[in-house]
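Below: one structure, written as structure tokens.
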Amino acid sequence: MNPSLFECAVAATAFKLLLFPAYKSTDFEVHRNWLAITHSLPVKEWYYEKTSEWTLDYPPFFAAFEWALSQVAWYFDPEMLKVENLGYDSIQTVYFQRLSVIFTELLLVYALHKYIQTETETAKRSSYAAALSILFSPGLLIIDHIHFQYNGFLYGILVLSLVLARDPKNHPTQLLFSGILFALLLCFKHIYLYLAPAYFVYLLRAYCLGESIFDIKWGNLIKLGGSVLGVSGVAFGPFVYWGQGGQLLARLFPFSRGLCHAYWAPNVWALYSFLDRALIIMAPKLNLPVNPTALHSTTRGLVGDTTFAVLPPIHPRTSFLLTLAFQLLSLLPLFTSPSPTNFLSAVILSAYASFLFGWHVHEKAILLILLPFSLLALRDRRYLTAFRPLAVAGHVSLFPLLFTEQEWAGKVVYTALWLLVFLTTFDRLAPAASGRRAWLLDRLGGAYIALGVGVVGYASGVHGWIWGGRWEFVPMMVVSAYCAVGVLGSWVGFSYLYFVA
């Protein structure tokens, strides 16, 4: 007999408690500072305070969430709530912030419970396996419980919204609540805007229009539109009333940042940057012009414009148009056939497009693809074939977030065990494909996973053993390029299933 989801959540929590002394990134101080800002200052000053470089740059509902946490934080250590206490990390502060992540993640557990509960009896085993894969996700473990962020409860809202959208014909009212939950989610963290086009088209076709696009359900349209506007008004209205709309937008969308983050997220621009690096070496033989200002930068994009040595520069407009184009493509089948499966597929493809072609993408955004895809990976074996390289690439791409020696074995062993257990389980549970399978893609996927062992080994130790302190940027560049190939290949495979198969 399998353990219940609740029993698994207890086991996962016990393990996460052991991680309290682990490495924590600057994001730990970011959120401590936000606790201090929201607790100590009037609401009008939240988005102007800049004592710390880690200014408040999340939407108002997340700021309110930090304020609510700060009311409890005071009982642990009031000193953490002082804006001037930069870098403050007493034991009480560490315990409170770590515990707050675990406690708020209970919303994700509830959402996964509803996901299993609303499945058909024949699909409950598969949904149970998918739910456990998310509950024990190495991505959430690394990002939230070691590196430090609050993604768990946010993905709980997303999963709950997706669950409510699963049966529009028999439960049309649930579509309204799905839209409201998504509007709430956007007011917590604006990265989910990348999924908004899929939500807009699905809710329009499945809830606001009848069989014909000219059959407008005015009552539903008014309820949905009024609800979304109401949520947005509660979140942003006070700041607009105070004349702070421009300041709020400047904090939420800092367009001055470059194309690539300090560590290249595994997307198209990582491969573009990798090719640019390779062409620097080949330029003398090929008589290619080289921009000398780009030669002494390894990441070229932490802040400011990204500069390439050989290849043409990429502008924000190019990134935006590519993202928009591939998102719009995924919306066409959804508009003509607004089924729950097409909706989830469009959500996943919207996330793919924003991650692969977006501007200044963080590697942590891979969860935006990985977690929703986990809910669809067991549809049949063809979907699993597209999911495998994403699962490997997505998790390996997070390894550079934990760069201390103490966490090396933990991140590698835990991720390897997760991949072994869940990919094996998925392989056993996934039904036979209803259409023709691509034998070559299966073999390429297996070879890609095997290559990952060598890439992790090289980046973790072999490079330093061979080169010492030279070429220190190469290990992360190799990991980024390897993972980018996996994410891109997964996107191509999944796109084929969505558009053709």
Output side-chain donor-acceptor pairs under 3.5 Å for residues 125-132, partner residues at least two apart or in another chain, one line each.
| residue | atom | partner | partner atom | Å |
| --- | --- | --- | --- | --- |
| Ser127 | OG | Ala123 | O | 3.3 |
| Ser127 | OG | Lys124 | O | 2.9 |
| Tyr128 | OH | Pro3 | O | 2.3 |

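- Distance alone, capped at 3.5 Å, is enough to place a donor-acceptor pair between the Tyr155 side chain and the Leu368 backbone.
- Side-chain contact between Leu370 and His395: present, with at least one pair of heavy atoms (C-beta onward) separated by less than 4.5 Å.
- Listed here is the closest heavy atom pair of Gly486 and Ala393: CA-CB, 4.1 Å.
- With a 4.5 Å cut-off on side-chain heavy atoms, Phe399 and Ser460 do not count as touching.
- When side chains are defined from C-beta on, Ile102 counts as touching Leu17, because their heavy atoms get closer than 4.5 Å.
- Considering all non-hydrogen atoms of both residues, Phe355 and Ala265 come closest at CZ-CB, 4.2 Å.
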Exercise. Can Leu108 and Ile157 be said to form a side-chain contact (heavy atoms from CB on, under 4.5 Å), step by step?
Worked result: CA-CA 7 Å; Leu108 176 61; Ile157 298 174; over 6 Å; no
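- Enclosure of atom CZ in Phe499 by more than 12 non-hydrogen atoms of other residues, nucleotides or ligands within 6.0 angstrom is indicated.
- For the pair Asn220 and Leu224, the minimum side-chain heavy-atom distance is 4.5 Å or more.
- Within a 6.0 Å radius of CZ in Phe177, other residues, nucleotides and ligands contribute 12 heavy atoms or fewer.
- Remark: side-chain polar atoms of Gln71 are not paired, donor with acceptor, to backbone N or O of Ala68 under 3.5 angstrom.
- At a cut-off of 3.5 Å, with distance as the only test, a side-chain donor of Glu66 or His31 sits close to an acceptor on the other residue.
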Problem set entry | Step-by-step side-chain contact (heavy atoms from CB on, under 4.5 Å) determination, Leu488 to Val268 | CA-CA 7 Å; Leu488 187 63; Val268 166; 4.2 Å; yes
Exercise. For Leu344 and Leu375, what are the C-alpha separation, side-chain angles and deciding distance, and is it a side-chain contact (heavy atoms from CB on, under 4.5 Å)?
Worked result: CA-CA 9 Å; Leu344 182 54; Leu375 304 178; 4.1 Å; yes
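- Note that CG of Leu367 and CG of Leu154 are 11.0 Å apart. Values are rounded to the nearest 0.5 Å.
- Of the possible polar contacts, one joining the Tyr482 side chain to the Gly452 backbone as a donor-acceptor pair under 3.5 Å is found.
- Between the side chains of His147 and Ser25, at least one donor N or O sits under 3.5 Å from an acceptor N or O.
- Under the side-chain contact (heavy atoms from CB on, under 4.5 Å) rule, Ile348 has a single partner from Phe494, Phe387, Trp491, which is Phe494.
- Ser70 places a side-chain N or O within donor-acceptor distance of the main-chain N or O of Trp67, the cut-off being under 3.5 Å.
- For the atom pair CD1 of Ile180 and CG of Leu176, the computed distance is 4.0 Å after rounding to the nearest 0.5 Å.
- Enclosure of atom OH in Tyr110 is not indicated, since only 12 or fewer non-hydrogen atoms of other residues, nucleotides or ligands lie within 6.0 angstrom.
- One finds no salt bridge joining Glu29 and Lys24 here, because no Lys/Arg side-chain nitrogen approaches an Asp/Glu carboxylate oxygen to under 4.0 Å.
- Here the side chain of Arg251 pairs a donor or acceptor atom with the backbone of Leu56 at under 3.5 angstrom.
- In terms of heavy-atom proximity, Leu378 sits nearest to Pro431 at O-CD, 3.3 Å.
- A donor-acceptor contact closer than 3.5 angstrom links the side chains of Thr120 and Thr122.
- Annotation: the span from Gln97 atom CD to Phe20 atom CZ amounts to 11.0 Å, rounded to 0.5 Å.
- Looking at Thr323 and Ser354, their side chains never bring a donor and an acceptor atom within 3.5 Å of each other.
- Within the 4.5 Å cutoff, no side-chain heavy atoms of Pro138 are placed close to those of Leu398.
- Aromatic pair Tyr199/Phe343: ring centres closer than 6.0 Å.
- Minimum interatomic distance between Cys187 and Phe236 (heavy atoms only, all atoms of both residues): SG-CE1, 3.8 Å.
- Judged by distance alone, the side chain of Ser161 and the main-chain N or O of Ser178 form a donor-acceptor pair under 3.5 Å.
- Judged by distance alone, the side chains of Thr38 and Trp46 never bring a donor and an acceptor atom under 3.5 Å apart.
- Tyr47 and Asp57 are not linked by any side-chain donor-acceptor pair at a separation below 3.5 angstrom, with hydrogens and angles left out of the test.
- In this structure, Arg98 contributes its side chain and Phe148 its backbone to no donor-acceptor pair below 3.5 Å.
- For Phe136 and Phe15, the distance between ring centers is not under 6.0 angstrom.
- Leu86 approaches Ser52 most closely through the heavy-atom pair CD2-CB, 3.6 Å.
- Considering every non-hydrogen atom in both Leu203 and Gly179, the closest pair reads CD1-CA, 3.7 Å.
- Between Phe96 and Phe76, the ring planes lie tilted relative to each other; the angle falls in the 30° to 60° range.
- A donor and an acceptor atom, one from each side chain of Lys189 and Asn151, are located under 3.5 Å apart.
- Panel note: side chain Ser374, backbone Ile134; no donor-acceptor pair is recorded below 3.5 Å.
- The OG atom of Ser480 sits 13.5 Å away from atom CH2 of Trp269, with the distance rounded to the nearest 0.5 Å.
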Return all side-chain donor-acceptor pairs below 3.5 angstrom for residues 328-336, not counting sequence neighbours, or 'none' if the list is empty.
| residue | atom | partner | partner atom | Å |
| --- | --- | --- | --- | --- |
| Ser330 | OG | Gln327 | O | 2.6 |
| Thr336 | OG1 | Leu332 | O | 3.3 |
| Thr336 | OG1 | Pro333 | O | 3.1 |

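- The side-chain heavy atoms of Phe153 and Val101, taken from C-beta on, include no pair separated by under 4.5 Å.
- Residues Tyr150 and Asp144 fail the side-chain proximity criterion, which asks for heavy atoms closer than 4.5 Å.
- Side chain of Arg32 to backbone of Asn85: a donor-acceptor contact under 3.5 angstrom is found.
- A donor-acceptor pair shorter than 3.5 Å can be found between the side chains of Arg166 and Thr118.
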For this session: In sequence, state the C-alpha distance, the side-chain angles, and the governing distance for Asn342 and Tyr202, and then conclude on side-chain contact (heavy atoms from CB on, under 4.5 Å).
Result: CA-CA 9 Å; Asn342 276 356; Tyr202 183 62; over 6 Å; no
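- Between the OH atom in Tyr352 and the CZ atom in Phe357 there is a gap of 12.0 Å [rounded to 0.5 Å].
- Distance check, rounded to the nearest 0.5 Å: OG1 of Thr93 to CG of Asp77 gives 4.5 Å.
- Counted within 6.0 Å of CG on Leu106, heavy atoms from surrounding residues, nucleotides or ligands total more than 12; the atom is thus considered enclosed.
- No donor-acceptor pair under 3.5 Å is formed between the side chain of Tyr23 and the backbone N or O of Phe403.
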Problem set entry | Residues Tyr58, Trp34; criterion ring pair (Phe, Tyr, Trp, His ring centres under 6.0 Å); working and verdict | CA-CA 10 Å; Tyr58 273 26; Trp34 293 359; 5.0 Å; yes
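- Here the side chains of Leu193 and Phe253 are in contact, with some heavy-atom distance below 4.5 Å.
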